[in-house]
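Both ligands and their constituent atoms are indexed starting at 1 by order of listing. Here, residue 1 is the first one in the sequence, and each next residue gets the next number. These values consider heavy atoms only, across backbone and side chains, with no hydrogens, waters or symmetry-generated copies.
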Amino acid sequence: MRLISTKSAKPGTILAQTIYNDNGQVLIQKGVLLTERLLNRLSNQGITYLYIDDELTSDIQVQSAISEKLRKEATDAIKGAFFEIKEKGAYDRSYLLEKKGNQLSSVIERIINEILDRDEALSMLADIFITDDYIFQHSLNVTIYSLAIGTEMHLSRKELSEIGLGAMLHDIGKIFLDQEILQKPNKLSDDEYEIVKSHAQLGYDFLRKNNNIPSVVAHCAYQHHERIDGSGYPRGLTGNDIHKYAKLIGIADVFDAVTSNRVYRDAMLPHEGLEILYAGAVNLFEKEMVVAFKKGVAVYPKGLTVELSDRRKGIVVRQNKSLCDRPVIRIISEDNKALTKPYECDLSKVVNVMITSCHID
Ligand SMILES: [Fe+2]
């Protein structure tokens, strides 16, 4: 399979990767023949790219970040927790959080197991969604990315469990806000932005009241928008005053925000998202964590078309575990001339050749 842009997909091509809705339910099953109507619908829903099957790439398989079953259960657990907590009065809320916190924790343990069992770098592009309510998929994605960073940093199982819960609940304060502001497609006014920013404090105030939630988890909600140089919010904390978990979740949060499909802007590709993290490494983000992110997450996911510094063009076939930014490429053209016999080039073995650009044709 390979990744192409939705607008260049022709009716009659075969969808190679299932598309989900926000409930984690299958919306369009892989193997379906894409019609003009389906393609228009995908474009209108903000899906900018998708995986298709073609002869040249039929042997390239992309592994989802977590299994379909677990994704559905995790999304249900997050949605159930957020909705029910929102519906209840203050007293019932904290009782509910205790119950829901246990459910979320058991899902998190399974996510950790699946991430630890992986044999290739994580590729979230493999999971494409149409989201009505971005917050649930975002909470799950941030959890997966945070755990990927944590495992690369060889954190203990206990630390991973706490980070997982902190990541899942990092934006819970948003359920107390006016949803219209959160889903507004155009630029927010200064006042509206201040309201959105209050979710960090609201989340903290809510979580810290519950004795069963570790206080560090409440601090993840409080501090995930803080940045090392003090430019973050709500308190403008600096350096080591920001908890390690919150720094890690902040990185996962920014990456998911810029690489997700949203109706009002195109998603960035993973290597562009990583550039944003590197631009902020040291001043905004902990360098060590950005490096761990790069190791654990596929910067050039399988199926992506890339151009090399020697004017060759190809498709990413495999990842190199220790060198995520130098994958194996199936060369399909040289000097703009299509090859009749594609061949493979392992970028970990030819150090003088670089990836210069990525395309989704
Ligand atoms: Fe947030």
| task | Please round to the nearest 0.5 Å and tell me the distance separating atom CD1 of Ile78 and atom NE2 of His138. | result | 10.5 Å
| query | Counting only N and O atoms by type, is there a donor-acceptor contact under 3.5 Å from the side chain of Ser309 to the main-chain atoms of Val353? | reply | no
| query | Angle class for the His243/Tyr245 ring planes (parallel below 30°, perpendicular above 60°, tilted otherwise)? | reply | perpendicular
| request: To the nearest 10 degrees, could you say what angle the Fe ion (ligand 1) makes with NE2 of His225 and OD1 of Asp171? | output: 170°
| Which atom, among the N/O/S set of His199, is closest to the Fe ion (ligand 1)? | NE2
| task | Quick one: sort the His199 and Tyr233 rings into parallel, tilted or perpendicular, breaks at 30° and 60°. | result | perpendicular
| Taking 2.8 Å as the cut-off, does an N/O/S atom of Asp253 lie below it from the Fe ion (ligand 1)? | no
| request: Dump the intermediate steps for side-chain contact (heavy atoms from CB on, under 4.5 Å) on Ile4 and Thr305, then the final yes or no. | output: CA-CA 8 Å; Ile4 63 163; Thr305 306; over 6 Å; no
| message | Taking N, O or S atoms only and a limit of 2.8 Å, check whether His170 reaches the Fe ion (ligand 1). | response | no
| request: Please find the N/O/S atom of His224 nearest to the Fe ion (ligand 1) and write down its name. | output: NE2
